[in-house]
Trainee: 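One structure coming up, written as structure tokens, with questions to follow.
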Protein chains: 2
Amino acid sequence: MKFSVSEENYIKSIYHLQQQGEVVSTNDLASELQTKAASVTDMLKKLNGKNLLNYERYQGFTLSDEGTKVALSIVRKHRLWEYFLVHELEFGWDEVHDIAEELEHISSPLLVEKLDSYLSHPKFDPHGDPIPDINGKMELRKQVNLIDLPLDVEAEVSAVGSQSTELLELLKHKNIGIGTVLTVLRKFTFDNSLEIKVRNFPPFSISQQLAQTLFLKPLYGSTTVGSISK
Amino acid sequence: MKFSVSEENYIKSIYHLQQQGEVVSTNDLASELQTKAASVTDMLKKLNGKNLLNYERYQGFTLSDEGTKVALSIVRKHRLWEYFLVHELEFGWDEVHDIAEELEHISSPLLVEKLDSYLSHPKFDPHGDPIPDINGKMELRKQVNLIDLPLDVEAEVSAVGSQSTELLELLKHKNIGIGTVLTVLRKFTFDNSLEIKVRNFPPFSISQQLAQTLFLKPLYGSTTVGSISK
DNA sequence: ATAAAGGTTTAGGTTTGTCTAAATTTTATT
DNA sequence: AATAAAATTTAGACAAACCTAAACCTTTAT
């Protein structure tokens, strides 16, 4: 079955919101998509009619198994293209999101599989997010939020919680990226800022807001986890 | 300035029709785009309003300089992507047209330039068509239609006049592709069929219809030719 | 030169995806 | 438990891109 760009964007956003809290609300989706609640309701009816949603009016909604499958295939395309843009075309990891947002709607399934082979089946995109395989399965990194990382434990930055230009600019300034290995030296309760240490750099501090967007993998540990595929 | 996918498709089709005869008609464009004449008129008004056309009602139309610039940038993207699909992703040259038709609408100019560098600035796409550079300039092959090729002259197939599946299927069967070197042994006036010879194959015959779709470059000879760029 | 034929445009309508404003349902408060 | 507040849905409109049918030019043929 084929879907419009608009339908695909709704499906993908619902998927992402579901990662946070079980059920998704009309208003949350509207603000995620920069649109109005009334427009969301219209689209929900349409997607529900195609059996992509579990939807009861006024009660919130989630993706059906079928909807999840569609979402995962879009996420797969998005992350494979991001990988291509960064590792082949030499884009910066902070420049690729908008382009991948367009490329993810190219419809050829054969293209996706050829791209995947060409890139040697990467498991994670340049932001550290896992790339679903053709059946929707992906590796799950045992990730810890930097806020929760114990003192003096070495860990590798594996994902960032947002793609905003502002965040990526700050990370670039502080020389932090996917793969950076660091340890927390001190935590200050006054403002929840952290003093951290990166190899070859003097210690420096980062704010609570920044720490909350960084996810790390304590050195060693990764598991494969199932998902929808029927 | 940004254009919708629909606008871009109209611009590209007008460009291609102009390659054949000077001025383009509403009906020709409608049949090229598989749509109705009335829809074409609607879009013509829109494109004319954006100064992309030279248009007088009932009198046919052509692309303005600005319109030509837009067309060339779309053609550039289409042909670069085709090159990528065939030479990097290992698609067959007969499988890439529809995918490139989608990819050509991805808007990032930086992406196009990075792709061009990545591919080492190719001058011709897998069908033998020239790829415009960033200023719209492209090489022009001194091409001869197979019908017009003199007897016993060695020439290399450099372009095919259509992308129809039927044609490509037949070419595959006869082992003819871009780069194939052949000579014409005889011409039969009864049905205008040709007896041709390809190295390492016994001579075989091809029909007038097929010969008309093949363009060749007599061995050696290519020129750079200017185009819109102001 | 004029009528028929053919091509083009206009008029009015449809679908998709959006919107505002009003109505309805749920939730939160007292 | 009743009502105020907040969230959601419905109703009615709009723009883009398409359509059919009718009107309008241009070309062609007699």
Side-chain angles (χ1 to χ4, degrees), chain A residues 1-15 17-18 20-63 67 70-71 74 101-102 104-105 107, chain B residues 1-15 17-18 20-63 67 70-71 74 101-102 104-105 107:
Chain A
M1 195 154 293
K2 271 202 74 182
F3 304 99
S4 71
V5 168
S6 209
E7 290 172 320
E8 290 194 354
N9 284 334
Y10 274 86
I11 294 166
K12 195 182 55 150
S13 290
I14 296 168
Y15 176 83
L17 290 172
Q18 262 186 261
Q20 305 294 96
E22 254 325 75
V23 162
V24 182
S25 74
T26 303
N27 269 351
D28 287 355
L29 185 50
S31 92
E32 173 89 5
L33 287 164
Q34 310 254 62
T35 184
K36 296 298 154 72
S39 311
V40 170
T41 300
D42 286 348
M43 184 58 91
L44 290 178
K45 283 193 258 182
K46 199 171 162 203
L47 296 176
N48 191 47
K50 296 184 178 187
N51 293 310
L52 298 169
L53 296 183
N54 307 117
Y55 173 52
E56 301 275 342
R57 63 206 216 311
Y58 293 103
Q59 302 306 140
F61 44 91
T62 58
L63 291 172
V70 174
I74 301 166
E101 204 91 318
E102 292 186 56
E104 75 192 4
H105 301 294
S107 56
Chain B
M1 196 153 292
K2 272 201 74 183
F3 304 98
S4 72
V5 168
S6 210
E7 291 171 321
E8 291 194 352
N9 283 334
Y10 274 85
I11 294 166
K12 195 182 53 153
S13 290
I14 296 169
Y15 176 84
L17 291 172
Q18 262 186 261
Q20 305 294 95
E22 254 326 73
V23 161
V24 182
S25 75
T26 304
N27 267 354
D28 287 355
L29 185 51
S31 92
E32 174 88 3
L33 287 164
Q34 310 254 64
T35 184
K36 296 298 153 73
S39 309
V40 169
T41 300
D42 285 349
M43 184 60 90
L44 290 178
K45 284 193 256 178
K46 202 173 161 199
L47 296 177
N48 191 46
K50 295 185 179 189
N51 294 310
L52 298 170
L53 296 183
N54 307 119
Y55 173 53
E56 300 275 340
R57 61 207 216 309
Y58 293 104
Q59 303 306 140
F61 43 90
T62 59
L63 291 173
V70 175
I74 301 165
E101 204 91 316
E102 292 187 56
E104 74 192 7
H105 302 294
S107 55

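Letters A, B, ... are given to chains in the order of the sequence lines, protein chains preceding strands, and every chain is numbered from 1. Being a predicted model, the structure only gives us computed values, none of them experimental.
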Trainee: Whole angstrom is fine here: how far is it from CG in Leu53(B) over to C1' in dT9(C)?
Mentor: 16 Å
Trainee: Within the pair Asn27(B) and dT8(C), is there a side-chain N or O less than 4.0 Å away from OP1 or OP2?
Mentor: yes
Trainee: Can you tell me the distance, in whole Å, between the CG atom of Leu44(A) and the P atom of dT10(D)?
Mentor: 11 Å
Trainee: Counting any heavy atom closer than 4.0 Å, what does Tyr10(B) reach on the DNA or RNA strands: base, sugar-phosphate only, or nothing?
Mentor: sugar-phosphate
Trainee: Would you say dT10(C) has OP1 or OP2 under 4.0 Å from some side-chain N or O of Lys45(B)?
Mentor: yes
Trainee: Leu29(A) has an atom CG; how far is it from atom P of dA7(D), in whole Å?
Mentor: 15 Å
Trainee: Please confirm whether the backbone N or O of Ser107(B) pairs with a side-chain atom of Glu102(A), one donor and one acceptor, at under 3.5 Å?
Mentor: yes
Trainee: Between C1' on dC25(D) and CD on Glu56(B), what's the gap in Å once rounded to a whole number?
Mentor: 14 Å
Trainee: Could you say whether Ala38(A) or Val5(A) is positioned toward the 5' end of DNA chain C, judged by the nucleotide with the nearest heavy atom to each?
Mentor: Val5(A)
Trainee: Keeping the roles fixed (side chain from Ser13(A), backbone from Asn9(A)), state whether a donor-acceptor pair exists under 3.5 Å.
Mentor: yes
Trainee: Take the protein atom OH of Tyr58(B) and the nucleotide atom C1' of dG6(C), then report the distance between them rounded to whole Å.
Mentor: 12 Å
Trainee: Closer than 4.0 angstrom, basic N to acidic O: yes or no for Glu7(A) and Lys12(A)?
Mentor: no
Trainee: Round to a whole Å and report the spacing from CG of Asp28(A) to P of dA6(D).
Mentor: 16 Å
Trainee: Side-chain N or O of Lys36(B) less than 4.0 angstrom from OP1 or OP2 on dT20(D)?
Mentor: yes
Trainee: Within the structure shown, what part of the strands sits under 4.0 Å from Ser39(A) by heavy-atom distance: base, sugar-phosphate, or nothing?
Mentor: base
Trainee: Taking the side chain of Asp42(A) as heavy atoms from C-beta outward, which of dT26(C), dC19(D), dC19(C) is closest to it?
Mentor: dC19(C)
Trainee: For a quick test of reading the model: is some side-chain N or O of Ser4(B) closer than 4.0 Å to OP1 or OP2 of dA16(D)?
Mentor: no
Trainee: Just wondering, do Ile14(B) and Leu52(B) contact through their side chains at under 4.5 Å, heavy atoms?
Mentor: no
Trainee: Check whether any side-chain N or O of Ser6(A) sits under 4.0 Å from OP1 or OP2 of dT16(C), and answer yes or no.
Mentor: no
Trainee: Under 4.0 Å, heavy atoms only, any strand: does Thr41(A) hit a base, just the sugar-phosphate, or nothing?
Mentor: base
Trainee: Quick one: Tyr55(B) OH to dG7(C) P, roughly how many Å, whole number?
Mentor: 16 Å
Trainee: Indicate the atoms forming the closest heavy-atom contact of Asn48(B) with Tyr55(B), along with that distance.
Mentor: OD1-CB, 3.7 Å
Trainee: Can you tell me if the side-chain N/O atoms of Arg57(B) get under 4.0 Å from OP1 or OP2 in dT10(C)?
Mentor: yes
Trainee: Would the distance check show the side chain of Gln18(B) and the main-chain N or O of Thr62(B) forming a donor-acceptor pair, the cut-off being under 3.5 Å?
Mentor: no
Trainee: Could you tell me the separation between the CZ atom of Phe61(A) and the P atom of dA7(D), rounded to a whole number of Å?
Mentor: 14 Å
Trainee: Between dT8(D), dC18(D), dG7(C), which nucleotide has the shortest distance from any of its atoms to the side chain of Thr26(A)?
Mentor: dT8(D)
Trainee: If you assign each of Met43(A) and Gln59(A) to its closest nucleotide in DNA chain C, which residue comes earlier from the 5' end?
Mentor: Met43(A)
